[in-house]
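Here is the naming used below: chain letters follow the sequence lines, and residue numbers restart at 1 for every chain.
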2 protein chains.
Amino acid sequence: MLGRMGLSIGQVAERTGLSVHALRFYEKEGILAHQVHRGPGGRRIYTQQDVDWLRMCIMLRMSGMPVPEIRRYTELVRQGDGNEPQRLDILKEHQERVRQQMVQLQECMDLITYKVGKYEDYVNSIAARAVGQ
Amino acid sequence: MLGRMGLSIGQVAERTGLSVHALRFYEKEGILAHQVHRGPGGRRIYTQQDVDWLRMCIMLRMSGMPVPEIRRYTELVRQGDGNEPQRLDILKEHQERVRQQMVQLQECMDLITYKVGKYEDYVNSIAARAVGQ
DNA sequence: ACTTGACCTGGAGCCGACTCCAGTTCGTAG
DNA sequence: CTACGAACTGGAGTCGGCTCCAGGTCAAGT
C-alpha cells in the first residue's frame, strides 16, 4: 500500500514511536521540514526524510527543547540556505542547556547513589544480624 | 525574628529556591517528613531539618520523580524504622530511571554536538571564503 | 455490496506541577 | 495607631504537550 516510497501516518507512528495524534499535532505546530504530501482522499503520505527529520525533532524534544523553539529551527531550515548562523545559535544554546541538565542530573544521581549505598548497608546489616552473625 | 532556630516560609523559600506557593503546595501534598510547626498567629515555622529534607526532595523532583512517589517515600520515612527495604526499593527504581535518562540525554547530546560541529564547519568555511581565502 | 479498520478535521479534555487570586490576619517600624 | 509587608486559606487558573472525541471519509478484503 502506498507504494514503497510513501508511508502512512500509522507507519510513521510505528517507526518513530510517536502516536498518530502526536504526528498531526507536530504538523499543526509547524514541525515538519516540508509540507507533508497528501494522497487521494486527503491522507498524509510521509517520506523517509520526514521520518528522519521527526527522529531528530524527537531527540530535541527528549532533551527538553520546547515545541516553539523546534518550530523556529524548523522554519529556518524551511527557509533554506543563508541562515545557518541562526540555526547554529539555536543548537548551541540548546547544547548548553542540555549540558547543564546533565550536570544537575549527575548531582541528583550522586545523592541517590549515596542514599542507596547507605540503605543497602543498613538493610544488609539487619539481615546479617537476623542470621545470627 | 522567630529566634535563631526557626525559619519563616519566606526564609525557607530563599534558602531552597522554591516559591512560598510551592512550599505550601508541597506541604499539602504530604512532602514534609514531619508536620511543620506553627507559631502564634498560625504561621509556619520551619527547622533546618525541614530545609535539608526539602533540599533532598528538590533533588528527587529535579531528576523527575513525580510528587506522588516522593509522598510515598516521605510516608515511609514518617512511619519510622522498619521499612528501610521499601525505601531502598523506591530509591533503586528511581536510580535506574535516572540512569536511563542520562543515557538518553547523552544520545541527544551526541547528536546535537555532531550537528553543531557540522554547522560550525560550514559557517566558518563561508566566513573564510568571504575574506577571500 | 458491505464490513472493517485506518484515516480525516476541529475542538475539547487531561495531567502534572505549580502559580495566582481574593479576602483576611499578623506584627513590626515609624 | 496606622501602614506596610509577609503570612494565612481554599480554590481557581495556567502552561505545555499531548490525547481523545464526535462525526464523517476512504479503501481493501470477502
* Structure fact -> Here the distance between atom C1' of C/dC18 and atom CD of B/Glu29, to the nearest Å, is 10 Å
Please list, one pair per line, the donor and acceptor atoms closer than 3.5 Å that link side chains of residues 80-87 of chain A to other protein atoms, with sequence neighbours excluded.
{"unit_1": "A/Asn83", "atom_1": "OD1", "unit_2": "A/Arg87", "atom_2": "NE", "d": "2.8"}
{"unit_1": "A/Asn83", "atom_1": "OD1", "unit_2": "A/Arg87", "atom_2": "NH2", "d": "3.1"}
{"unit_1": "A/Asn83", "atom_1": "ND2", "unit_2": "A/Leu76", "atom_2": "O", "d": "2.8"}
{"unit_1": "A/Asn83", "atom_1": "ND2", "unit_2": "A/Gln79", "atom_2": "OE1", "d": "3.4"}
{"unit_1": "A/Glu84", "atom_1": "OE1", "unit_2": "A/Gly82", "atom_2": "N", "d": "2.9"}
{"unit_1": "A/Glu84", "atom_1": "OE2", "unit_2": "A/Gly82", "atom_2": "N", "d": "3.4"}
{"unit_1": "A/Arg87", "atom_1": "NH1", "unit_2": "B/Tyr119", "atom_2": "OH", "d": "2.8"}
{"unit_1": "A/Arg87", "atom_1": "NH2", "unit_2": "A/Gly80", "atom_2": "O", "d": "3.1"}

* **Pair B/Arg71 + B/Glu27, salt bridge at N-O below 4.0 Å** => no
* With sequence neighbours excluded, tell me which residues meet salt bridge (Lys or Arg N to Asp or Glu O under 4.0 Å) with B/Arg99. => B/Glu96
* Asked: Rounding to a whole Å, what distance do you find between A/Phe25:CZ and C/dA12:C1'?
  -> 14 Å
Could you go over nucleotides 4-9 of chain D and give all protein N or O partners under 3.5 Å, atom names and distances?
{"unit_1": "D/dA6", "atom_1": "N3", "unit_2": "B/Arg43", "atom_2": "NH2", "d": "3.4"}
{"unit_1": "D/dA7", "atom_1": "OP1", "unit_2": "B/Ser8", "atom_2": "OG", "d": "3.2"}
{"unit_1": "D/dA7", "atom_1": "OP1", "unit_2": "B/Gly10", "atom_2": "N", "d": "2.8"}
{"unit_1": "D/dC8", "atom_1": "OP1", "unit_2": "B/Arg44", "atom_2": "N", "d": "2.8"}
{"unit_1": "D/dC8", "atom_1": "OP1", "unit_2": "B/Arg44", "atom_2": "NH1", "d": "2.9"}
{"unit_1": "D/dC8", "atom_1": "OP2", "unit_2": "B/Arg24", "atom_2": "NH1", "d": "2.7"}
{"unit_1": "D/dC8", "atom_1": "OP2", "unit_2": "B/Arg44", "atom_2": "NH1", "d": "3.1"}
{"unit_1": "D/dC8", "atom_1": "O5'", "unit_2": "B/Arg44", "atom_2": "NH1", "d": "3.4"}
{"unit_1": "D/dT9", "atom_1": "OP1", "unit_2": "B/Arg38", "atom_2": "NH1", "d": "3.2"}
{"unit_1": "D/dT9", "atom_1": "OP1", "unit_2": "B/Arg38", "atom_2": "NH2", "d": "3.2"}
{"unit_1": "D/dT9", "atom_1": "OP2", "unit_2": "B/Arg44", "atom_2": "NH1", "d": "3.0"}
{"unit_1": "D/dT9", "atom_1": "OP2", "unit_2": "B/Arg44", "atom_2": "NH2", "d": "2.7"}

* Side chains of B/Gln95 and A/Thr113: is there a donor and an acceptor less than 3.5 Å apart? -> yes
* Can you sort out the partners of A/Lys92 under side-chain hydrogen bond (donor to acceptor under 3.5 Å, both in side chains), two or more places apart, ordered by chain and number? => B/Glu120
* **Donor + acceptor pair across side chains of B/His37, B/Thr47 (<3.5 Å)** => no
* Asked: For DNA chain D, which residues in residues 47-73 of chain A have a heavy atom at a distance below 4.0 Å?
  -> A/Arg61, A/Pro66, A/Val67, A/Pro68
* For the side chain of B/Ala22, counting heavy atoms from C-beta on, which of D/dA27, D/dT19, C/dC18 is nearest? -> C/dC18
* Take atom CD in A/Gln35; do more than 12 heavy atoms of anything else shown fall under 6.0 Å from it? -> no
Are any protein N/O atoms closer than 3.5 Å to N/O atoms in nucleotides 10-15 of chain D? If there are, list each pair with its distance.
none

* Is there side-chain contact between A/Gln49 and A/His34, with heavy atoms separated by less than 4.5 Å? -> no
* To do: Send over the distance from A/Tyr46 OH to C/dC7 C1', rounded to a whole Å.
  => 11 Å
* So, is A/Tyr26 near the phosphate of D/dC18, with a side-chain N or O under 4.0 Å from OP1 or OP2? -> yes
* **Shortest non-hydrogen contact from A/Ala13 toward A/Ser19** => CB-C, 4.3 Å
* May I ask you to say whether A/Glu69 pairs ionically with A/Arg97, meaning some side-chain N is under 4.0 Å from a carboxylate O? => yes
* Indicate yes or no: at least one non-hydrogen side-chain atom of B/Tyr26 is less than 4.5 angstrom from one of B/Arg24. => no
* Give the rounded distance in Å between these two atoms: NE2 of B/His21 and P of C/dC21. => 8 Å
